[in-house]
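Quick notes on the structure that follows.
Note that this is a predicted model, so its numbers are computed, not measured.
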Amino acid sequence: MSVNSKRVVYSNYLANPIYIDILKARSDVRLDRIENGSPEEAYAPLLGAAHVYQVGAARDELAPHFHVDAAFLKRAPNLLLVSSNGAGFDPVDVEACTAAGVVVVNQSGGNAHSVAEHALAMMLTLSKRIIQSDRRLRRERDVNRNELVGNEVEHKTVGIIGLGNVGRRIAALCKGLLGMKVLAYDPYLSAEVMAERGGEKVELDELLRRADFVSISCPLNKGSRNMISVREFALMQPHAYFITTARGFIHDEDALLQALRDKRIAGAGLDVWSKEPPPPEHPLLQLDNVLASPHTAGVTIEARQNMGRIAAEQVLDVLDGKRPPRIINPEVWPHYADRFKQAFGVTPG
């Protein structure tokens with residue numbers, strides 16, 4: 001293969017510079033960067049020649065014309081692979097990619113430890129009322145500690161929605177480290193597999209009724225969008241906490257706000273939002289029993305390096321004609337294989 005014959009374009013930023021190091025070690029790969037503010041005359045020829053598009057996973061950080069939809073794909077006729085920086089792939093229309101014969105991959109599992117630790121930290125902070133204690137100490141004198149009595153999490157029940165890479169790690173931490181009971185809802189896994197991953201398989205309503213903590217760790221898709229709304233919050237126990245490190249739009253923010261105001265649940269830990277980052281005047285940010293972070297659960301030094309390495313390795317797998325391990329749309333493979341052969345003269349394995 002000739003020098004720089006395989007074209008990779010990335011938008012704005014990468015998870016870690018290791019991605020550049022790995023790809024630039026290959027003489028047959030050319031790597032180009034485009035930014036939200038890049039003029040069309042600069043980015044159009046790069047997208048037109050690209051075989052791979054490495055795209056940010058956060059929808060609000062990426063200019064709309066760089067989201068991967070049908071219009072974008074028309075501007076990138078040679079594109080074979082769309083690779084998300086993270087486990088999520090919100091800016092990518094997977095169905096449009098499948099129709100165009102483009103493989104979509106994410107870096108699922110690369111930040112699982114970081115996200116699970118964040119969820120656990122939120123559970124402990126809320127249960128021990130650390131955030132409320134901190135805020136009161138900063139605002140008041142002579143704080144009465146008896147007004148800030150918390151709870152231990154040992155022997156409590158955590159309900160995990162989505163028992164994939166992150167969910168199973170949350171289950172392991174809660175069960176093994178803290179001695180908690182783990183319920184899990186995941187319609188894509190059998191009871192046997194979920195038991196192996198540390199969770200008792202239950203239906204969603206039962207999980208909501210029984211759990212002291214409800215933790216969301218499933219992907220955002222048509223089935224999970226707005227999955228937790230007025231009805232679901234009403235099923236939760238008054239002392240229960242709602243925690244999400246997954247994606248905005250899985251829960252209804254207005255319904256959560258009302259549930260908190262009505263004291264139907266005890267509090268919430270929110271790392272993901274419908275608008276990211278949320279504005280400081282967001283009504284949920286005005287409540288002392290809401291612990292908030294700006295989608296930083298997976299943003300650690302270790303996770304970023306791991307994600308960058310996995311992303312680069314998957315890109316090279318594809319460019320070398322191999323099947324990558326984290327395909328979002330496996331049904332695309334026959335169409336993709338024909339297009340790959342047209343591009344590089346060989347059939348991918």
Problem set entry | Taking every non-hydrogen atom, the tightest pair across Gly248 and Leu220 | O-CD2, 3.6 Å
Exercise. Taking all non-hydrogen atoms of both residues, which atom of Ser114 and which atom of Thr300 are closest, and how far apart?
Worked result: OG-OG1, 2.6 Å
For this session: Take Leu270 and Leu256 through the test side chain to side chain contact (heavy atoms under 4.5 Å, CB included) and record every step on the way to the result.
Result: CA-CA 11 Å; Leu270 308 175; Leu256 173 59; 3.7 Å; yes
Problem set entry | Test item: Asn329 side-chain N/O and Val332 main-chain N/O as donor-acceptor pair under 3.5 Å | no
Exercise. What is the minimum heavy-atom distance between Gly56 and Ser11, and which atoms define it?
Worked result: N-OG, 3.6 Å
Exercise. Is there side-chain contact between Val55 and Phe66, with heavy atoms separated by less than 4.5 Å?
Worked result: no
For this session: Using only heavy-atom distances, determine whether the side chains of Asp271 and Thr245 contain a donor-acceptor pair under 3.5 Å.
Result: no
Exercise. Counting only N and O atoms by type, is there a donor-acceptor contact under 3.5 Å from the side chain of Asp254 to the main-chain atoms of Val230?
Worked result: no
Seminar exercise, completed: For Ala266 and Asn289 the tightest heavy-atom approach is O-ND2, 2.9 Å
Exercise. Counting only N and O atoms by type, is there a donor-acceptor contact under 3.5 Å from the side chain of His295 to the main-chain atoms of Val272?
Worked result: no
Exercise. Does the Asp212 side chain pair with the main chain of Thr157, one donor and one acceptor, at a distance under 3.5 Å?
Worked result: yes
For this session: Taking the side chain as every heavy atom from C-beta outward, state whether Trp333 and Val103 have any atom pair closer than 4.5 Å.
Result: yes
Exercise. Under the 3.5 angstrom rule, does the side chain of Ser127 hit a backbone N or O of Met123 as a donor-acceptor pair?
Worked result: no
Seminar exercise, completed: When rounded to the nearest 0.5 Å, the distance separating CG of Leu178 from CG of Leu173 is 7.5 Å
For this session: Provide the closest heavy-atom pair for Ala259 versus Phe233 in the form atom of the first, atom of the second, distance.
Result: CB-CB, 3.9 Å
Exercise. Does some side-chain heavy atom of Val214 sit less than 4.5 Å from a side-chain heavy atom of Leu208?
Worked result: yes
Exercise. Would a 4.5 Å heavy-atom cut-off, applied to side chains only, mark Asn12 and Glu61 as touching?
Worked result: no
Exercise. Which heavy-atom pair separates Leu80 from Arg339 by the least distance, and what is that distance?
Worked result: CD2-NH1, 3.6 Å
Exercise. Does a side-chain heavy-atom distance below 4.5 Å link Tyr10 with Ile20?
Worked result: yes
For this session: For the pair His282 and Trp273, name the ring-plane relationship: parallel under 30°, tilted 30 to 60°, perpendicular over 60°.
Result: perpendicular
Exercise. Applying the side chain to side chain donor-acceptor pair (under 3.5 Å) test to Asn85, which of Gln54, Gln107, Arg304 qualifies?
Worked result: Gln54
Exercise. Is there a donor-acceptor pair under 3.5 Å between the side chain of Asn78 and the backbone N or O of Gly48?
Worked result: yes
Exercise. Sub-3.5 Å donor-acceptor pair from the side chain of Asp69 to the main-chain atoms of Asp93, do we have one?
Worked result: no
For this session: Give a yes or no answer on whether the side chain of Arg135 reaches the backbone of Asp288 with a donor-acceptor pair at less than 3.5 Å.
Result: yes
Side-chain donor-acceptor pairs under 3.5 Å in residues 163-172, sequence neighbours left out?
from	atom 1	to	atom 2	distance (Å)
Asn165	ND2	Ser108	OG	2.7
Arg169	NE	His113	ND1	3.0

Problem set entry | Check: Val102 and Tyr53 side chains under 4.5 Å, non-hydrogen atoms | no
Exercise. Linking I/L/V/M/F/W/Y whenever their side-chain heavy atoms sit closer than 4.5 Å, directly or via other members, would Ile34 and Leu31 fall into one cluster?
Worked result: no
Exercise. For the side chain of Gln314 and the backbone of Val105, is there at least one donor-acceptor N/O pair under 3.5 Å apart?
Worked result: no
Problem set entry | Short side-chain donor-acceptor distance under 3.5 Å, Gln258 and Asp262 | yes
For this session: Please answer whether the main-chain N or O of Ser229 pairs with a side-chain N or O of Glu232 as donor and acceptor at a distance below 3.5 Å.
Result: yes
Exercise. Considering only heavy atoms from C-beta outward, does the side chain of Pro283 approach that of Arg261 to under 4.5 Å?
Worked result: yes
For this session: Flag the pair Cys174 / Leu120 as yes when at least one side-chain heavy-atom distance between them is below 4.5 Å, and no otherwise.
Result: yes
